[in-house]
Student: 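Can you read through this structure? Questions will come right after.
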Amino acid sequence: MGIAIYPGSFDPVTLGHLNIIKRGAEIFDRLIVCVMVNSEKVGLFTPAERVELLRRVTAELPNVEVDASQGLLADYARKRKAHVLVKGLRAVSDYESEIQMAMINSKLYSRLDTVFLYTSPKYAYLSSTVVKEMARYGADLSDFVPREIIRDVQAKFYEKNREG
Ligand code: ADP
């Protein structure tokens with residue numbers, strides 16, 4: 001089924017993202033997970049750190065590649081010869097802005113289509129924002145982020161608290 005791109009901020013990758021990545025990798029020959037760098041938004045993790053965390057949690061998935069891009073997603077898709085974007089839908093409230101983005105992307109690159117995968121119900125409440133909230137208060141993160149990165153998320157908050 002060709003090459004697909006799964007774009008997002010992934011600050012940091014959650015179990016909800018990983019669920020979409022695994023399902024996307026089953027459907028498409030190759031799935032490129034792309035950290036979209038927004039110069040106006042400072043994240044918790046740097047783009048390079050987000051890429052590293054994603055690579056670690058997808059290491060066992062041979063047809064998954066992790067990359068980052070600063071430009072327009074449509075240009076990136078053209079460059080990578082991908083014709084499909086994968087997006088995860090959590091709630092009806094995600095739908096409106098996602099449809100709008102899908103239309104804009106196909107306007108910018110007419111061969112580009114967007115495929116939506118519904119969230120697995122157990123992750124419907126999960127976002128990177130929720131993870132950051134929980135980590136800030138020292139909550140157990142094992143239901144939220146992949147095991148391999150729990151310590152990195154905790155360490156980031158420890159570091160931040162010491163700085164500030
Ligand atoms: P967030 O900060 O909300 O987690 P991202 O920009 O990192 O957002 O998300 C990237 C993509 O992953 C989006 O298509 C988003 O809808 C999807 N996504 C995020 N969390 C989940 C989840 N828990 N289940 C399914 N899809 C998700």
Side-chain angles (χ1 to χ4, degrees), residues 3-28 30-58 61 64-74 76-77 80 82-106 108-109 112-137 139-150 152-153 156-157 160:
I3 306 173
I5 298 171
Y6 177 35
S9 330
F10 306 107
D11 185 35
V13 56
T14 69
L15 286 173
H17 295 135
L18 189 58
N19 176 262
I20 298 289
I21 292 171
K22 287 181 175 162
R23 287 157 60 200
E26 289 277 327
I27 300 171
F28 296 97
R30 185 165 192 80
L31 184 73
I32 303 170
V33 182
C34 188
V35 174
M36 299 309 293
V37 182
N38 178 344
S39 51
E40 308 213 320
K41 260 202 327 212
V42 182
L44 175 65
F45 289 93
T46 66
E49 287 170 334
R50 295 180 216 172
V51 165
E52 197 278 313
L53 296 177
L54 275 161
R55 287 203 175 127
R56 208 187 303 158
V57 304
T58 58
L61 303 168
V64 172
E65 174 190 332
V66 181
D67 197 7
S69 171
Q70 309 215 343
L72 269 178
L73 184 53
Y76 179 78
R80 299 303 311 263
H83 299 144
V84 179
L85 298 178
V86 170
K87 298 308 274 307
L89 280 185
R90 274 163 293 195
V92 179
S93 52
D94 281 345
Y95 188 79
E96 207 172 359
S97 62
E98 290 291 355
I99 289 287
Q100 190 183 19
M101 271 195 281
M103 287 177 185
I104 294 169
N105 282 321
S106 69
L108 294 172
Y109 177 22
L112 190 58
D113 219 327
T114 302
V115 163
F116 295 100
L117 294 180
Y118 61 89
T119 183
S120 160
K122 57 181 184 205
Y123 303 128
Y125 62 89
L126 199 49
S127 68
S128 298
T129 308
V130 165
V131 167
K132 285 181 264 196
E133 253 337 87
M134 295 299 122
R136 181 168 301 124
Y137 297 109
D140 176 7
L141 297 181
S142 50
D143 284 339
F144 306 134
V145 298
R147 209 173 358 91
E148 305 92 308
I149 73 159
I150 292 178
D152 300 76
V153 180
K156 197 60 155 182
F157 276 95
K160 265 173 74 92

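Whatever order the structure lists ligands and atoms in, that order sets their numbers, starting from 1. All values below come from the heavy atoms of this structure, side chains included, with hydrogens, waters and symmetry mates left out.
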Student: Examine ligand 1 and decide if any of its atoms is less than 4.0 Å from a heavy atom belonging to A124.
Tutor: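 Flag not set, A124 not near ligand 1.
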Student: Determine yes or no for a side-chain-to-main-chain donor-acceptor pair under 3.5 angstrom, with R23 supplying the side chain and L117 the backbone.
Tutor: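 Such a contact is absent between R23 side chain and L117 backbone.
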Student: Considering only heavy atoms of K87, which atoms of ligand 1 have at least one such atom less than 4.0 Å away?
Tutor: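 Listed by number with element: 14 (O).
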Student: With a cutoff of 4.0 Å, is Y6 in contact with ligand 1, counting heavy atoms of the residue only?
Tutor: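 So Y6 counts as touching ligand 1.
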Student: Which heavy atom of the protein is the closest neighbour of atom 23 (N) of ligand 1, given with residue, atom name and distance?
Tutor: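 Of every protein heavy atom, Y123 O, 2.8 Å lies nearest to atom 23 (N) of ligand 1.
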Student: Could you check atom 24 (N) of ligand 1 against the protein and tell me its nearest heavy-atom contact, residue, atom and distance included?
Tutor: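 Among all protein heavy atoms, the one nearest atom 24 (N) of ligand 1 is T119 OG1, 2.8 Å.
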Student: Check each heavy atom of L126 against ligand 1 and say whether those closer than 4.0 Å belong to the side chain, the backbone, both or neither.
Tutor: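 Both parts.
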Student: Hey, which atoms in ligand 1 end up nearer than 4.0 Å to a heavy atom of P7?
Tutor: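 Those of ligand 1 that fall under 4.0 Å from P7 are 10 (C), 11 (C).
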Student: State if T129 counts as touching ligand 1 under the rule of any non-hydrogen atom under 4.0 Å.
Tutor: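 Heavy atoms of T129 never come under 4.0 Å of ligand 1.
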Student: Within the side chain of R50, is there an N or O that forms a donor-acceptor pair under 3.5 Å with the backbone of D11?
Tutor: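 A pair under 3.5 Å: no.
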Student: To the nearest 0.5 Å, what is the distance between CD1 (I149) and CZ (F45)?
Tutor: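 It is 6.5 Å, given to the nearest 0.5 Å.
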Student: Please list the nearest protein heavy atom to atom 9 (O) of ligand 1 with its residue and the distance rounded to 0.1 Å.
Tutor: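 Scanning the protein heavy atoms, the shortest distance from atom 9 (O) of ligand 1 goes to H17 NE2, 3.4 Å.
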Student: For atom 6 (O) of ligand 1, which protein heavy atom lies nearest, and how many Å away is it?
Tutor: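 Result: S9 N, 3.1 Å.
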Student: Numbering the atoms of ligand 1 from 1, which are under 4.0 Å from a heavy atom of F10?
Tutor: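 Per the distance check, 7 (O).
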Student: Salt bridge check, E52 against R56: does any charged N sit closer than 4.0 Å to a carboxylate O?
Tutor: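 Judged by the 4.0 Å cut-off on N to carboxylate O distance, R56 and E52 do form a salt bridge.
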Student: What are the two closest non-hydrogen atoms of L112 and V84, and how far apart are they?
Tutor: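 The pair with the smallest heavy-atom distance is CD1-N, 3.9 Å.
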Student: Under 4.0 Å from a heavy atom of G8: which atoms of ligand 1 are those, numbered in the order shown and with their elements?
Tutor: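 Reading through ligand 1 atom by atom, the close ones are 6 (O), 10 (C).
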Student: Ion pair present between K87 and E98, side-chain N to carboxylate O less than 4.0 angstrom?
Tutor: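 Result for this pair is yes, salt bridge flagged.
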Student: Can you measure from CG (L126) to CZ (F144) and round to the nearest 0.5 angstrom?
Tutor: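 The distance works out to 7.0 Å.
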Student: Parallel, tilted or perpendicular: which one describes the rings of Y109 and H83, with boundaries at 30° and 60°?
Tutor: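 The arrangement is perpendicular - the two ring planes meet at more than 60°.
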Student: Mind checking whether R90 contacts ligand 1 via backbone (N, CA, C, O), side chain (CB onward), both or neither, at a 4.0 Å heavy-atom cut-off?
Tutor: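 Within the 4.0 Å criterion, R90 contacts ligand 1 through side-chain atoms alone.
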Student: Identify which of S120, G88, S128 has a heavy atom lying nearest to atom 16 (O) of ligand 1.
Tutor: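 Answer by nearest heavy atom: G88.
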Student: With distance as the sole test, does S128 use its side chain to make a donor-acceptor pair with the main-chain N or O of P12 at under 3.5 Å?
Tutor: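 Pair found, side chain donor or acceptor close to backbone of P12.
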